[in-house]
There are 2 protein chains.
Amino acid sequence: MVVIARSALGKLRGKYDSLSTTEKRIAQLALNSPSTVSEMTIRELASAAGASTASISRFVKRLGYANYREFTMELAHVVVVDAQEGAKLFKELGEGDSLGVIANKVFHSSMASLEATNDALSENDIARAVLKLINAGTVNFFGLGGSSIAALDGYHKFVRTSLNVAYHPDYDIQLMQAAKLTADDCAVVISHSGKNYETIQIVKELKANHVPIIGITSYSGSPLARAATVTLLSLTDEIKYRSEGMYSLISQIAILDSLFMMTVLRSSSRTQPVLMHVRDVIERTREEP
Amino acid sequence: MVVIARSALGKLRGKYDSLSTTEKRIAQLALNSPSTVSEMTIRELASAAGASTASISRFVKRLGYANYREFTMELAHVVVVDAQEGAKLFKELGEGDSLGVIANKVFHSSMASLEATNDALSENDIARAVLKLINAGTVNFFGLGGSSIAALDGYHKFVRTSLNVAYHPDYDIQLMQAAKLTADDCAVVISHSGKNYETIQIVKELKANHVPIIGITSYSGSPLARAATVTLLSLTDEIKYRSEGMYSLISQIAILDSLFMMTVLRSSSRTQPVLMHVRDVIERTREEP
DNA sequence: TGAAAAGTGAAACTTTTTTACATATAATTA
DNA sequence: TAATTATATGTAAAAAAGTTTCACTTTTCA
């Protein structure tokens, strides 16, 4: 027969009535403040309950534990479970938050953003994007302002592959670069809002040259999303931050990570040697040269 | 001050690198199967780890526990938490993986990295870092290679605050910049390995000038971590990737996000107006000018 | 009411954990 | 490179924690 294990508190309540006076006192303590008791030694509990250590020892065995330590361990479990049930959802960041709380909120928001972004990715779109990348003559990253960081990251990643990649932080150069591309190349355009004026100028230039565009943006209705050949959405957690664009960066980067890994794995035999070589170079720069 | 306790696994990961060989063996056991270890006596663990009971005792104290029992107790906590989140283990990426699977793995690894990083952050360290930032004459970001992206991101974020920030991608300029700083300034040095030769040169220069250093690295035992005034660990999921440093970027950025939010919220009245203003400027560049 | 049963604490005993000490090994410095 | 210092680790003794025995008390119930 399968017996569902009761929690420590359950056992205590269940057997409470069959306990002796001294043992009831002990049980009472454990029921009232399991967390405190879980941290006590057998002596401490004995003195707190006005009983002898021997009584405690017998008491826990009566409850079905092999020894005192097992008992305190289960009590601790109870505490954790309780604490977790009490954990509430994360709200907006407030000025009263302690540093630990702020860190938790930031991290969990980032994680939620990643989850949302991952959920929203369609395999179909990804496949189209990867194909464009693999077959492109040159892969060009475009991003301005906050998104320039993601674009730079994309460049850093893909430069390790056998693909020909290009990126320049300056807007004018990006625009000129866009003018030079053809339908055989591929452009990765990153913009949180998808409607930044300069970015759209670049997109127009690319469109004029029939360059395939992989757009990474947070808004599916934005000009960038509408103009792109393939749109990959970098979603952010619904939580409102003082500076919203900030949190799509991590999602943008994760999308680039994915594209990178896919590119590497897909064109494996072609890319692997280059990747290895680049990694070796990096390794060599560590410590004394 | 209320200190948010790090989880046992967080502490383990955080200090892992600075442990001795024997202690690493012990940590490994605890990381691999916390539930088993949590039920072991010190003798059992000692024999399982091929160490003496004395080593175990010292080991737990180094992690910050008062005694062995406290350690096993916390490990038990972890078990409960882990079990509740449901196991979501991902293996190494394989060439046979479909695109959807690759995306899932990448995203979940990033999320796991964020979780581990968050876990390993101690409120104490964060507080010290934020204080250094807020009171610094100028805040300077240093990062080379892959970490230059995180450094640039840090610059982008903090430039919105009322703090004076600086960053330049070029190594020589970074080095010169480091030479100009004083004890009144603050340096944020980012390096995945924490031992890149050029980065260490910068660190030495900073040390010579007594500049407070906030180090962001993945290895607690690295030269950067040892030299830094405050070290914040950007952990990565244990899963092995073809290109390991790649995945600490997201953790690095999340740490910077946290520092940014804290700085903003802490020095609220001083920062808020600037932040608003910068945001307005950004807003104005959207759509037709 | 009085024998058996159950409850209890003191103390002996066992096990577990910590600390002190000695030795080996690595790192540092003169 | 030798000397010195710091670090790492195990052995063993001390301390602490936990369990069991046993004698004594209280309760139960025929």
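- Between the side chains of B:Thr138 and B:Asp185, a donor-acceptor pair is found at a separation under 3.5 Å.
- Summarising the geometry, the separation between CD1 on A:Ile56 and P on C:dA10 is reported as 13 Å, rounded to the nearest angstrom.
- Evaluation of the salt bridge (charged side-chain N to carboxylate O under 4.0 Å, His left out) rule for B:Arg128 yields B:Asp125 as partners, not counting sequence neighbours.
- Using a 4.5 Å heavy-atom cutoff, the side chains of B:Glu115 and A:Phe107 are not in contact.
- With rounding to whole Å, B:Ile42 atom CD1 is found 16 Å from D:dG18 atom C1'.
- Outside the 6.0 Å centre-distance limit, the rings of B:Tyr167 and B:His156 are not counted as a close aromatic pair.
- Aromatic ring pairs are classed by plane angle as parallel below 30°, tilted from 30° to 60° and perpendicular above 60°; the pair B:Phe71 and B:Phe59 is perpendicular.
- The salt bridge (charged side-chain N to carboxylate O under 4.0 Å, His left out) pairs that include a residue from residues 144-156 of chain B are B:Asp153-B:Lys157, where partners are two or more places apart or lie in different chains.
- For the OP1/OP2 pair of C:dG7 and a distance below 4.0 Å, the side-chain nitrogens and oxygens of A:Arg25 include no atom meeting the criterion.
- Spacing between atom OH of A:Tyr68 and atom P of D:dT20 amounts to 16 Å, rounded to whole angstrom units.
- Considering only side-chain atoms of A:Thr22, the nucleotide from C:dT17, C:dG7, D:dG10 that sits closest is C:dG7.
- Using a 4.5 Å heavy-atom threshold, the side chains of B:Asn140 and B:Val211 count as separate.
- We find that CG of A:Asn67 is positioned 18 Å from P of C:dT14, with the value rounded to whole Å.
- Atom CZ in A:Phe71 sits about 16 Å away from atom C1' in D:dA17, given to the nearest Å.
- Rounded to an integer number of Å, the gap from CE of B:Met73 to P of C:dT17 is 12 Å.
- You'll find a donor-acceptor pair under 3.5 Å spanning the side chain of A:Arg43 and the base of D:dG18, going by distance alone.
- For the pair B:Arg226 CZ and D:dA6 C1', the interatomic distance rounds to 14 Å; values are reported in whole Å.
- Sorted by residue number, the members of residues 44-54 of chain A with any non-hydrogen atom under 4.0 Å from DNA chain C read A:Gly50, A:Ala51, A:Ser52, A:Ala54.
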Can you tabulate the close N/O pairs, meaning under 3.5 Å, that link protein atoms to atoms of nucleotides 25-27 of chain D?
none

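- The OG atom of B:Ser248 sits 9.5 Å away from atom CG of B:Leu235, with the distance rounded to the nearest 0.5 Å.
- Close to C:dT8, at under 4.0 Å from its OP1 or OP2, lies no side-chain N or O of A:Ser55.
- Applying the side-chain contact (heavy atoms from CB on, under 4.5 Å) criterion to B:Ala179, with sequence neighbours excluded, gives B:Glu205.
- Counting only distance, with no hydrogens or angles, the side chain of B:Ser193 and the backbone of B:Lys195 share a donor-acceptor pair below 3.5 Å.
- Taking only side-chain nitrogens and oxygens, B:Lys61 comes nearer than 4.0 Å to OP1 or OP2 of C:dT19.
- Using modelled atom types, one side-chain atom of A:Glu44 and one backbone atom of A:Thr41 make a donor-acceptor pair closer than 3.5 Å.
- Of the side-chain N and O atoms in A:Ser57, none sit less than 4.0 angstrom from OP1 or OP2 of D:dG18.
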Next on the checklist: One pair to check against side chain to side chain contact (heavy atoms under 4.5 Å, CB included): A:Arg62 and A:Glu23. What are the steps and the verdict?
Outcome noted: CA-CA 10 Å; A:Arg62 180 163 312 186; A:Glu23 290 178 326; 3.1 Å; yes

Can you tabulate the close N/O pairs, meaning under 3.5 Å, that link protein atoms to atoms of nucleotides 22-24 of chain D?
none

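- Rounded to whole angstrom, the span from the CD atom of B:Glu70 across to the P atom of C:dT17 amounts to 14 Å.
- Heavy-atom distances to DNA chain D give each of A:Val60 and B:Glu23 a nearest nucleotide, and the one nearer the 5′ end belongs to B:Glu23.
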